[in-house]
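Below is one structure; the comments refer to it alone.
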Amino acid sequence: MANGVTEKENPYLAHLAPKKRGSPSTSTVKEPLYGFLPRRVTADQVRGALEGDVNPFTKQPHSASYKKILEARKKLPVYAQMAEFYKVFTENQVVVMVGETGNCSRRKFRIPQFVAYSDLPHTKGKMIACTQPRRVAAMSVAKRVADEMDVQLGKQVGYSIRFEDMTEHGTTFLKYMTDGMLLREAMNDPDLTRYSTIILDEAHERTLATDILMGLLKGVAKKRPDLKLIVMSATLDAVKFQKYFGISGRGEDGKPAPAPLFLVPGRTHSVEVFYTQEPEPDYVEAAIRTVLMIHRAEDPGDVLLFLTGEEEIEDACRKIRLEADDLTNQDPDSVGPLVCIPLYSTLPPAQQQRIFDPAPSPRKEGGPPGRKVVIATNIAETSLTIDGIVYVVDPGFSKQKVYNPRIRVESLLVSPISKASAQQRAGRAGRTRPGKCFRLYTEKDFMNELEEQTHPEILRSNLANTVLELVKLGIKDLVKFDYVDAPAPETLMRALELLNYLAALDDDGNLTPLGGIMAEFPLDPQMAKMLIVSPEFKCSNEILTIVAMLSVPNVWLRPNNQRKEADAAKQLLTVPDGDHLTLLNVYNNYMQNIHDKNWAWTNYLSARALTQADNVRAQLQRTMERFEIDLISTQDQRTFYTNIRQALVCGFFMQVAHKEGEKGNYLTVKDNQVVGLHPSCGLETQPEWVIFNEFVLTTRPYIRTVTDVRPEWLLEYAGNYFDLASFPDGETKRALQRVLNKKLGKAAGRVDNEKNGSGSDERVKKKQKKNKS
DNA sequence: GAGCACTGC
């Protein structure tokens, strides 16, 4: 075999190899575990390279700044662990690596570099991938590592994220990327043959993409003895990953031996944790009280308070500011000034930056010091770190996505956080010096009520997209796929069912040619489907725009003090037949005014979201061109909107609602959920049949982004789904039956049909008349 | 007459 690797030497291969009768079991083999490519570089050699005068990658002399960075690096504990790292890395195919929280940054900078140096003489032409759950991290870490290695970003060290590929083919050998990006690459190269080592960072976050990658890579590692895998995680999950990547037949009694663990010690400061004596009935009120108490009684240091959402945060900010003002008025000499800064993702970036402002100065020299209070969502738990936080207030809640496969609805629920999450939050207090964490729940509740880990995303999501990806990756049996945590069978069934109705999978669950193309689009399957069929309706240009607009955050702005103005501006752009058409109209108007920087703002639209939509549109257009899907628009004004609405039906026929009674209630078809039109909906009337983009569960169930459709289209373009025989009895079925009867009647009397079926759209006509007058 | 936890392709 290549590289002199025999199957026996690789337990993963041995596991796959047919067992010979009477041959000794692999568990008795005592020689070194793996016989991979000879990566026997020693720590001394690497130190020599690091400290030498010439950069081994560029063959250029090391720069002065490099030498300065190197001196600092030499003091880090990881540097001292180099020899230990190379030993475990050389001897094992899979290593689970653990660093205390707060230490992760060092880990993600150094370990990939160590691998890079070890690979230098051996794996020419193959790359090292290091995945991150977030784009910003992939970008910034790559930048810093390029600096540390004294190479140019985008050359030997690069990154690859959506819309931005900073790598050079043939030159880049260390590539930081988002986990989703690596998963995309895997769809066209399931064995990831371009890579010699794959490092999954932040594995404990258990994003959907990381979870799928872990399942995939476990299989690939068995097939590819030359592939090395490093799973990096926070302490708590390590054992789970060690077991998951365990080596068959190596442990006691022939059981799997856990994958080896490599520990990188942490460097965080101690955090003292306080609990309440009794449970708090109102956590927002308790949180406000705690923040004010800290402000009055504790030493200087900034405060981070975790709340669940925008409304809660803005409310708390207001109340804390009021109370702080009261304190100041009572006795300006006893308390310092306090600033309260909200932080959540939908805040414009400039306002997010405020969290890095220094705390306010004392009112007068020698007076009590000022304090900064940041009130944040979970964004401060993972995505953004704020240095200088000394006090954390943790009410123990966050909004979490949950998926109900029975009614096919994803919603956000305020739920108790996990122990792991609580520890992560507490850790935010100890980044610069010893800190304190005030938990607004009892110690008993922490011990007994909180789950160990937050449920991984794969257990809380609609998996339609994921299942299509898995099938595209060549996974034959989705139920038997080796998940780290297997999703509920019902969730998989729902996904398979949807993909089958969309004709992405055939009745045996095999990928159809259409499904293969759908998987190439970074879109939900419904949207991919309608985009692909849209040329048949002569509106692919328009559907492309609508899909792009649906893929970005809400474009409508509605500032609290200008709601009326915002609503009026929206009204001017509204198309009465449906919100999807309104989105198209908004985009087209935006493009016509692209050079007017104030256009978005004066129309109460988010310029950021619109730019993003434009990016997404361009990317999708490239994918369409790759598959030769025509970009066309009809010139016929009479059918312009009708065609678009028909194409929408081809993707979203499973998200149809039927009007019931006169109260404006709708029933979702087949699931029979009573829903209302969301107040943001711009429909002029309440049509009998509508398709909707999402079902949201807030004060009551709503359908949002809604468009008027005709029932005969449902029967025509989704006949399989609207098979009346399988329909539950009820008003919806009877209404469809009437349409069907009428249609059959019409088909019988052709002349009649010719006369009425001119294809014109009554509402469009009406509107054109209106516009003319 | 509502609201948008957070990511990602």
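Just so you know, these numbers come straight off a predicted model, no measurement behind them. Just the heavy atoms: all of them, side chains too, but no hydrogens, waters or symmetry mates, feed the values below. Protein chains get the first letters and strands the later ones, always in sequence-line order, with residue 1 at the start of each.
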(message) Using the side-chain heavy atoms of A:Ser345, tell me which of these nucleotides is nearest: B:dA5, B:dC9, B:dA2.
(response) B:dA5

(request) Counting heavy atoms from C-beta on, name the nucleotide in B:dC4, B:dC9, B:dG1 closest to the side chain of A:Pro522. (result) B:dC9

(message) Expressed as a whole number of angstroms, how long is the span from A:Arg206:CZ to B:dA5:P?
(response) 25 Å

(message) Any base atoms under 4.0 Å from A:Asn378, or only sugar-phosphate, or nothing? Heavy atoms, all strands.
(response) nothing

(request) Under 4.0 Å between any heavy atoms, over every strand shown, what does A:Tyr702 touch: base, sugar-phosphate, or nothing? Just pick one. (result) sugar-phosphate

(request) Name the closest nucleotide to the A:Asn465 side chain, picking from B:dC4, B:dG1, B:dG8. (result) B:dG8

(message) Tell me the interatomic distance from A:Leu697, atom CG, to B:dC4, atom C1', rounded to whole angstroms.
(response) 15 Å

(request) Rounded off to whole Å, could you give me the NZ-to-P distance for the A:Lys401 and B:dA5 pair? (result) 14 Å

(request) Specify the separation, in whole Å, of atom CG of A:Leu413 and atom P of B:dC4. (result) 13 Å

(message) I'd like to check the side chain to side chain donor-acceptor pair (under 3.5 Å) partners of A:Glu310; sequence neighbours left out, ordered by chain and number.
(response) none

(message) Starting the side chain at C-beta, find the nucleotide from B:dC4, B:dA2, B:dC9 nearest to A:Ile161.
(response) B:dC9

(request) Could you check how far NE2 of A:His455 sits from C1' of B:dC6, rounded to whole Å? (result) 18 Å

(request) Give the nucleotide from the list B:dG8, B:dG1, B:dA5 with an atom nearest to the side chain of A:Arg134. (result) B:dG8

(message) Considering every strand and a 4.0 Å limit on heavy-atom distances, what is the contact class for A:Glu310: base, sugar-phosphate, or nothing?
(response) base

(request) Measure from CZ on A:Arg162 to P on B:dG8 and round the result to the nearest Å. (result) 10 Å

(request) Give the nucleotide from the list B:dG1, B:dA5, B:dG8 with an atom nearest to the side chain of A:Lys399. (result) B:dA5

(message) Taking side chain to side chain donor-acceptor pair (under 3.5 Å) as the definition, give me every residue that meets it alongside A:Asn693, ordered by chain and number, with sequence neighbours left out.
(response) none

(request) Report the residue (A:Gln619 or A:Leu412) whose heavy-atom-nearest nucleotide on DNA chain B is the more 5′ of the two. (result) A:Leu412

(request) Tell me what A:Thr699 touches on the nucleic acid: a base, only sugar-phosphate, or nothing, going by heavy atoms under 4.0 Å. (result) sugar-phosphate

(request) With heavy atoms under 4.0 Å as the rule, sort A:Arg563 into base, sugar-phosphate or nothing. (result) base

(message) Please compare A:Arg558 and A:Ser551 by the position of their nearest nucleotide in DNA chain B and report the one closer to 5'.
(response) A:Arg558

(request) Name all residues meeting the salt bridge (Lys or Arg N to Asp or Glu O under 4.0 Å) criterion together with A:Glu381; count only those two or more places apart in sequence or in a different chain, and write none if there are none. (result) A:Arg425

(message) Taking any heavy-atom pair under 4.0 Å as a contact, classify A:Arg704: base, sugar-phosphate, or nothing.
(response) sugar-phosphate

(message) Categorize A:Leu208 for me: base, sugar-phosphate, or nothing, with a 4.0 angstrom heavy-atom threshold over every strand shown.
(response) nothing

(message) Assess whether a salt bridge exists between A:Arg563 and A:Asp567, defined as any Lys/Arg side-chain N lying under 4.0 Å from an Asp/Glu carboxylate O.
(response) no

(message) Between A:Lys401 and A:Glu457, does any NZ, NE, NH1 or NH2 come within less than 4.0 Å of an OD or OE carboxylate oxygen?
(response) yes

(message) Using whole Å, what does the distance between atom C1' of nucleotide B:dA2 and atom CG of A:Leu683 come to?
(response) 16 Å

(message) Measure CG/A:Asn665 against P/B:dG1 and give the value in whole Å, please.
(response) 13 Å

(message) Any side-chain N or O of A:Thr377 below 4.0 angstrom from OP1/OP2 of B:dC6?
(response) yes

(message) Please list, in numerical order, the residues of residues 175-184 of chain A that have a heavy atom closer than 4.0 Å to any atom of DNA chain B.
(response) A:Thr178, A:Gly180, A:Met181, A:Arg184

(message) I'd like to check the side chain to side chain donor-acceptor pair (under 3.5 Å) partners of A:Tyr587; sequence neighbours left out, ordered by chain and number.
(response) A:Asp614

(message) Would you call the rings of A:Phe481 and A:Tyr483 parallel, tilted or perpendicular, taking 30° and 60° as the class edges?
(response) perpendicular

(message) By the 4.0 Å heavy-atom rule, please label A:Ser398 as base, sugar-phosphate, or nothing.
(response) nothing

(message) What I want to find out is whether A:Glu565 reaches A:Lys570 closely enough, with some N-O distance under 4.0 Å, to be called a salt bridge.
(response) no

(request) Using side chain to side chain contact (heavy atoms under 4.5 Å, CB included) as the criterion, list what pairs up with A:Asn615, not counting sequence neighbours. (result) A:Phe163

